[in-house]
Amino acid sequence: MTDGPGDGEQLVVALDVGGTGMKCALVRPDGSVAHAERHPTDAGRGPDAVVETVLAVAEGLADRARAAGSTPVACGVAVPGVVDEAAGVAVWSANVGFRDVPLRKLVGARLGLPAVLGHDVRVGGIAEARLGAGRDARHVLFVAIGTGIAAAHVVAGSAAVGAHGAAGEIGHILIRPDGPRCGCGRPGCLEAVSSASAVARRYAELADATTQAGPPGVGTAAPPAGAATRPAGTAVSAAEVAGRAAAGEELAGQVWREAVEALADGLATGQALYDVDTMVIGGGLARAGEQLLGPLRAALHERMTFHREPRLVAAALGDEAGCLGAALLALDSLERR
Ligand SMILES: [Zn+2]
């Protein structure tokens, strides 16, 4: 809900720069959004062009605030990948193409405002922990399950960054030593089994194998329901796999169960490390709602020994979490000045 910047208000300029799009907003100190807009990232143009778009969009938002009689007081930018928040440098981001981009300095210089740079999932976790599904808890683990899997450990509203800006890479916990190879190069990482892209890939593999070989022990019987409606080689999204599993298709059910079991292993490791009150599950796969959270809760429960079981809830802020979190990070930086 946005109601436009008001006269005399202080506002933060916030941008969440993703591989495909940027979510941008003017945000009040209480976390409410005065104005929101979205722009394509168009990462194929190269990092220099993306940086120029970030700067132009941020400048446009600051101008809009001033035109309404408001005062832009700071700018927060969130980016994916490895982010050195202390230095304000986007160290490495595969899907945006950033390599050692001093984004905080560039934004600060262009806007003439204090600026901060944050990691998209870490600031998303800050937003969920302070404004979203984790707002009643002091210790929160936010886990974003999309193309990859990453987490943010948020205590009292702040997320741990790590010594090298790479804290929270829960997607690269070794979960199935003989499992599929991960994008990071190692076999068996959590995100190679349970990310949305891994679920889609696994389903395609099994469906192709089943179509070619026929179901084991069934000879020339009809192919399974999924195969019948799907030409060989056609991609089926994780959301479709979830839908087919819910409709009772056995193959989709198997893929979904495998993903849930591996996720539960990953979350159990997370709980052993962090001992949180609440785990907030976000990202594309979490749109499956209770179809994911129900079995995940049960599988996590089975894995608890002496650890206290965390509350498992769906994220509340959707894809605005990163943008809101970038704003919160900027506001926090003002308090420290
Ligand atoms: Zn990995």
Side-chain angles (χ1 to χ4, degrees), residues 17-20 43 78-85 89-100 118-125 141-154 159-206 235 237-239 241-242 254-274 276 279-286 288 292 296 299-300 303 315 321-322:
V17 182
T20 52
V79 297
V82 177
V83 182
D84 185 338
E85 294 186 8
V89 174
V91 176
W92 178 85
S93 162
N95 50 2
V96 185
F98 291 155
R99 298 284 182 278
D100 292 317
H119 177 262
D120 58 351
V121 175
R122 284 199 294 268
V123 299
L141 189 69
F142 171 62
V143 183
I145 310 167
T147 315
I149 299 179
H153 179 215
V154 185
V161 173
H164 312 94
E169 293 286 0
I170 199 171
H172 301 283
I173 289 177
L174 179 61
I175 217 92
R176 299 285 181 265
D178 54 353
R181 188 166 294 277
C182 177
C184 76
R186 192 180 64 173
C189 289
L190 176 59
E191 76 174 39
V193 181
S194 299
S195 64
S197 37
V199 165
R201 195 169 52 236
R202 175 73 172 149
Y203 182 83
E205 273 170 22
L206 289 182
S237 71
V241 175
Q254 179 193 334
V255 172
W256 196 250
R257 279 192 301 276
E258 286 176 6
V260 166
E261 292 289 315
L263 263 180
D265 287 335
L267 295 186
T269 300
Q271 185 64 353
L273 292 172
Y274 302 127
V276 295
M279 290 187 176
V280 178
I281 311 297
L285 208 68
L292 176 66
L296 189 54
L300 184 60
R303 286 159 174 75

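We're numbering straight along the sequence, starting at 1. Whatever order the structure lists ligands and atoms in, that order sets their numbers, starting from 1. Quantities reported herein were computed from a predicted structural model and do not represent experimental measurements.
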The complete set of side-chain hydrogen bond (donor to acceptor under 3.5 Å, both in side chains) pairs with one or both residues in residues 257-269, sequence neighbours excluded, reads Arg176-Asp265, Arg202-Glu258, Gln254-Glu258, Glu261-Arg303, Asp265-Arg303
**Prompt:** Can you find a pair of side-chain heavy atoms, one from His164 and one from Val82, that are under 4.5 Å apart?
**Reply:** no
For a 4.5 angstrom cut-off between non-hydrogen side-chain atoms, does Val91 reach Asp100? yes
Atoms listed for the Zn ion (ligand 1) (protein only, N, O or S, under 2.8 Å, no waters) are His172 ND1, Cys182 SG, Cys184 SG, Cys189 SG
Q) Are Val161 and His119 close enough, and set up right, to give a side chain to side chain contact (heavy atoms under 4.5 Å, CB included), and what steps lead you there? A) CA-CA 9 Å; Val161 173; His119 177 262; over 6 Å; no
d(Leu292 CG, Ile281 CD1) to nearest 0.5 Å is 7.0 Å
Exactly one candidate in Leu285, Ile149, Leu296 meets side-chain contact (heavy atoms from CB on, under 4.5 Å) with Ser194; the answer is Ile149
